[in-house]
Number of protein chains: 2
Amino acid sequence: MTETRQKLLDAAERLMSQNGYAATSLRQIIADAGVNLASVHYHFGSKEELLDELVMRRAGPVNEERMAMLDRAEAEGGARGASLERILEAFLAPAFYVRATHPQFVKLMGRLYGEGMMGLIVRKHFSPLVVRFQAALRRALPDLDEQELGWRIHFMIGVMVRAMFGPPDGLYADDPSTEALIERMVTFVSAGFRARVGQRERVEVD
Amino acid sequence: MTETRQKLLDAAERLMSQNGYAATSLRQIIADAGVNLASVHYHFGSKEELLDELVMRRAGPVNEERMAMLDRAEAEGGARGASLERILEAFLAPAFYVRATHPQFVKLMGRLYGEGMMGLIVRKHFSPLVVRFQAALRRALPDLDEQELGWRIHFMIGVMVRAMFGPPDGLYADDPSTEALIERMVTFVSAGFRARVGQRERVEVD
DNA sequence: GTCTATACTGAGATAGAC
DNA sequence: GTCTATCTCAGTATAGAC
């Protein structure tokens with residue numbers, strides 16, 4: 001990979017994580033990277049393909065880690081299969097672990113999901129991942145019907161995207177450590193996945 | 001309100017619900033509405049202010065309905081306050097009831113949240129709503145600490161936004177009725193709100 | 001008060017010289 | 001591989017007709 005490519009990807013990641021994809025112009029990016037405007041189209045072809053490479057250079061390793069964690073969870077679970085919590089953790093945690101080395105990337109992913117820019121990338125690169133996790137969840141929740149499972153996965157993505165955006169707007173919540181945030185998501189989402197259909201929990205809290 | 005204003009708002013709602021805010025140009029909107037380009041700036045001042053009016057002409061009534069449902073839930077709850085499920089339903093249901101008369105508006109709201117365009121509008125117009133619902137949840141979940149509650153509200157918004165976007169991408173989920181969708185959200189989210197902190201549910205599903 | 005015509009700046013994309 | 005110049009289309013602004 002040439003130096004120019006690197007500079008463009010780094011500048012785009014930095015700027016887009018702050019302002020989103022649409023609001024970040026190629027002219028901002030090339031100014032920040034110190035290269036010529038036409039080099040974007042020489043190296044990537046378009047703004048959208050630049051984004052594709054930008055996402056995949058980090059999402060690739062994230063998805064490999066997700067698969068590896070799911071492997072371990074299933075190995076430990078033996079014949080029962082992996083537990084719900086371990087499956088959810090395998091999916092959610094690696095996406096936030098990258099905060100340690102590339103904090104802006106996580107925020108960028110949240111923005112991209114929100115802007116609808118992830119749909120294409122997911123269809124293009126994430127298919128094996130989606131299939132495997134759906135199958136694992138299917139097995140962990142055998143009583144949940146297919147439609148309901150699909151919607152709950154959809155809801156989980158919503159929770160993840162929101163968490164990637166950062167802490168809530170108001171003054172009422174902190175910015176927790178990565179581990180605490182993952183714990184919060186898994187606790188919330190696993191309870192949601194386990195909820196009985198058509199029979200809301202009516203127990204009063206203590 | 002003049003006819004031109006109406007036409008612009010209607011055209012913008014239709015087009016933006018399909019392609020999002022940023023990807024919809026004023027020139028598309030004025031072509032669809034059959035009016036002159038400059039009329040946008042005469043009537044609204046800018047694309048962003050057009051959006052503000054567009055959102056509030058429907059979100060205004062939605063928020064009033066939310067307040068009214070919360071009033072009823074608290075009246076029924078008496079001294080105990082409203083139940084968690086009723087609070088969540090009061091927040092979520094009215095946002096989806098508008099599908100009956102204005103189906104595109106719900107999708108538009110999902111897109112706008114995703115694009116980060118709702119932040120400003122929420123701060124400008126939704127403050128009383130946020131305060132009231134946060135207080136109601138606080139009361140329904142007295143054992144939950146403030147930070148945790150803030151994050152769980154954040155997560156709920158994520159679920160709502162995802163549901164507004166429409167059914168999940170894959171072939172694995174249907175497009176349910178509004179009532180069924182609300183039921184699904186309330187079931188999932190209420191279980192998440194009730195989950196015990198730092199003590200994940202370990203019960204196997206039957 | 002309302003609308004039309006037109007111009008200004010900045011976006012993404014592209015062709016061709018070097 | 002890189003750069004200059006240029007194309008089309010975006011949001012915005014204003015002058016002036018009715």
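Chain letters run A, B, ... following the sequence lines, proteins first, then strands; residues in each count from 1. In what follows, every heavy atom counts, from backbone to side chain, and hydrogens, waters and symmetry copies are set aside.
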Leading and trailing nucleotides of DNA chain D with any atom under 4.0 Å from heavy atoms of chain B: D/dA10 to D/dT14

Those residues of residues 12-41 of chain A lying under 4.0 Å from DNA chain D by at least one heavy atom: A/Asn36, A/Ala38

Residues in salt bridge (Lys or Arg N to Asp or Glu O under 4.0 Å) contact with B/Arg138, at least two apart in sequence or another chain: B/Glu146

Non-neighbouring partners of B/Tyr21 that pass ring-ring contact (aromatic ring centres under 6.0 Å, His included), sequence neighbours left out: none

Partner residues of A/Glu76 under the salt bridge (Lys or Arg N to Asp or Glu O under 4.0 Å) criterion, sequence neighbours left out: A/Arg86

A/Tyr42 OH - C/dA13 P separation (whole Å): 18 Å

Between P of C/dT14 and CZ of A/Phe44, the distance in whole Å: 16 Å

Polar contact flag, side-chain donor to acceptor under 3.5 angstrom, A/His125-A/Asp52: yes

Salt bridge (Lys or Arg N to Asp or Glu O under 4.0 Å) partners for B/Lys7, two or more places apart: B/Glu3

Atom-to-atom span, CD of A/Glu49 to P of C/dT14 - whole angstrom: 10 Å

Sequence-distant partners of A/Arg123, salt bridge (Lys or Arg N to Asp or Glu O under 4.0 Å), two or more places apart: B/Asp169

Salt bridge (charged side-chain N to carboxylate O under 4.0 Å, His left out) pairs, two or more places apart, involving residues 11-25 of chain B: B/Glu13-B/Arg57, B/Glu13-B/Arg58, B/Arg14-B/Asp32

All pairs passing salt bridge (charged side-chain N to carboxylate O under 4.0 Å, His left out) where residues 61-72 of chain B contributes a residue, at least two apart: B/Glu65-B/Arg72, B/Asp71-B/Arg132

